[in-house]
Amino acid sequence: MKLQQQFSQYLIKLLPIINYTSYKNELTFNISFKKIIPILFFLKNHTNTQFKILSDLCVVDYIIRKERFELIYNLLSIRFNTRIKIKIFITELQPIDSVINIYRTSNWLEREAWDMFGIFFSNHPDLRRILT
């Protein structure tokens, strides 16, 4: 538990994180939607993080909030055997930058979010509907 606390403090010093939580040995960081590209690039490529795998992109719809959608990027570091969640809050008309240039797996996941929730991903090479 102490190691996780040190790791979270290390990342807070380096990254523009709004706030964070820890639950069952897994960190969750809330960030600004404007910082998604540099933060995910850092987490994937930095020697002390190496979150090389985007295992999932989840969307939660809070219909009564101003920032209606919560995007959750679930990352995995095989090297350090750890997981981390990156959360972003956006409005229903707000586009978000695609992370396909960082994580290729986001191609399908972003298309799903577009199809199911109408979240537009800027710079996505093939943003067409999958399910509907």
### Pairing residues for Thr49 by the side chain to side chain contact (heavy atoms under 4.5 Å, CB included) criterion, not counting sequence neighbours
Phe7, Leu11, Phe42, Leu43, His46, Phe51
### Task
Report the distance from atom CD1 of Ile72 to atom NZ of Lys87, rounding to the nearest 0.5 Å.
5.0 Å
## Note on the structure
Between Ile100 and Asn123, the two heavy atoms sitting closest are CG2-O, 4.5 Å
### Message
If the condition is salt bridge (charged side-chain N to carboxylate O under 4.0 Å, His left out), which residues does Glu26 pass it with, not counting sequence neighbours?
### Response
Lys85
### Query
Looking only at heavy atoms, what is the nearest atom pair of Tyr10 and Asn48, with distance?
OH-ND2, 3.0 Å
#### Entry: Side-chain touch Phe29/Leu27, heavy atoms, less than 4.5 angstrom
yes
#### Entry: Residues forming a salt bridge (charged side-chain N to carboxylate O under 4.0 Å, His left out) with Arg104, sequence neighbours excluded
none
### Task
Report whether Ile53 and Phe80 are members of the same hydrophobic cluster (ILVMFWY, side-chain heavy atoms less than 4.5 Å apart, transitive linking).
no
### Summary
Hits for side chain to side chain contact (heavy atoms under 4.5 Å, CB included) against Lys35, two or more places apart or cross-chain, chain-then-number order -> Pro16, Ser32, Ile39
## Note on the structure
Scanning both residues in full, the closest heavy-atom pair of Val99 with Glu110 reads N-OE2, 2.9 Å
## Note on the structure
Closest non-hydrogen atoms of Asn74 and Cys58, given as atom of the first, atom of the second and distance, are ND2-SG, 3.6 Å
### Message
Among Arg129, Met116, His124, exactly one meets side-chain contact (heavy atoms from CB on, under 4.5 Å) together with Arg111. Which residue is that?
### Response
His124
### All side chain to side chain contact (heavy atoms under 4.5 Å, CB included) counterparts of Ile64, not counting sequence neighbours
none
### Query
Quick one: do Phe121 and Ile37 end up in the same hydrophobic cluster if we chain Ile, Leu, Val, Met, Phe, Trp and Tyr together by side-chain heavy atoms under 4.5 Å apart?
yes
### Message
Do Phe89 and Gln94 make a side-chain contact, defined as non-hydrogen atoms from C-beta onward lying under 4.5 Å apart?
### Response
no
### Query
Atom CD of Glu70 and atom CD1 of Ile88: how far apart are they, to the nearest 0.5 Å?
10.0 Å
### Query
Are side-chain heavy atoms of Leu57 and Ser106 found at a separation under 4.5 Å?
no
#### Entry: Shared hydrophobic cluster for Leu76 and Leu109 (ILVMFWY, side-chain gaps under 4.5 Å)
no
### Message
Nearest 0.5 Å, please: how far is CG in Leu54 from CD1 in Ile102?
### Response
10.0 Å
#### Entry: Arg68 CZ: over 12 foreign heavy atoms closer than 6.0 Å
yes
### Query
Can you check whether Ile119 reaches Trp114 side chain to side chain, under 4.5 Å on heavy atoms?
no
### Message
So, taking the atom named CG in Asn107 and the one named OG in Ser98, what distance separates them when rounded to the nearest 0.5 Å?
### Response
7.5 Å
### Query
Linking I/L/V/M/F/W/Y whenever any side-chain heavy atoms sit under 4.5 Å apart, do Val60 and Tyr20 land together?
no
## Note on the structure
Sorted by chain and number, sequence neighbours left out, ring pair (Phe, Tyr, Trp, His ring centres under 6.0 Å) with Phe117 holds for Phe69
### Message
Around atom CG of Asn81, are there more than 12 heavy atoms from other residues, nucleotides or ligands closer than 6.0 Å?
### Response
no
## Note on the structure
Between the CG atom in Asn19 and the CD1 atom in Ile31, the distance rounded to the nearest 0.5 Å is 11.5 Å
### Taking every non-hydrogen atom, the tightest pair across Leu40 and Tyr73
CD1-CD2, 4.1 Å
### Task
Report yes or no: do Leu75 and Ile78 belong to one cluster of Ile/Leu/Val/Met/Phe/Trp/Tyr joined by side chain heavy-atom distances under 4.5 Å?
no
### Query
Passes side chain to side chain contact (heavy atoms under 4.5 Å, CB included), Ile36 versus Ile86? Steps please.
CA-CA 9 Å; Ile36 187 66; Ile86 304 296; 4.3 Å; yes
### Message
Does Lys52 have more than 12 heavy atoms from other residues, nucleotides or ligands lying within 6.0 Å of its NZ?
### Response
yes
### Query
How far does CG of Leu93 sit from CZ of Phe120, to the nearest 0.5 angstrom?
12.5 Å
### Query
Which heavy-atom pair separates Ile96 from Leu71 by the least distance, and what is that distance?
CG2-CD2, 4.3 Å
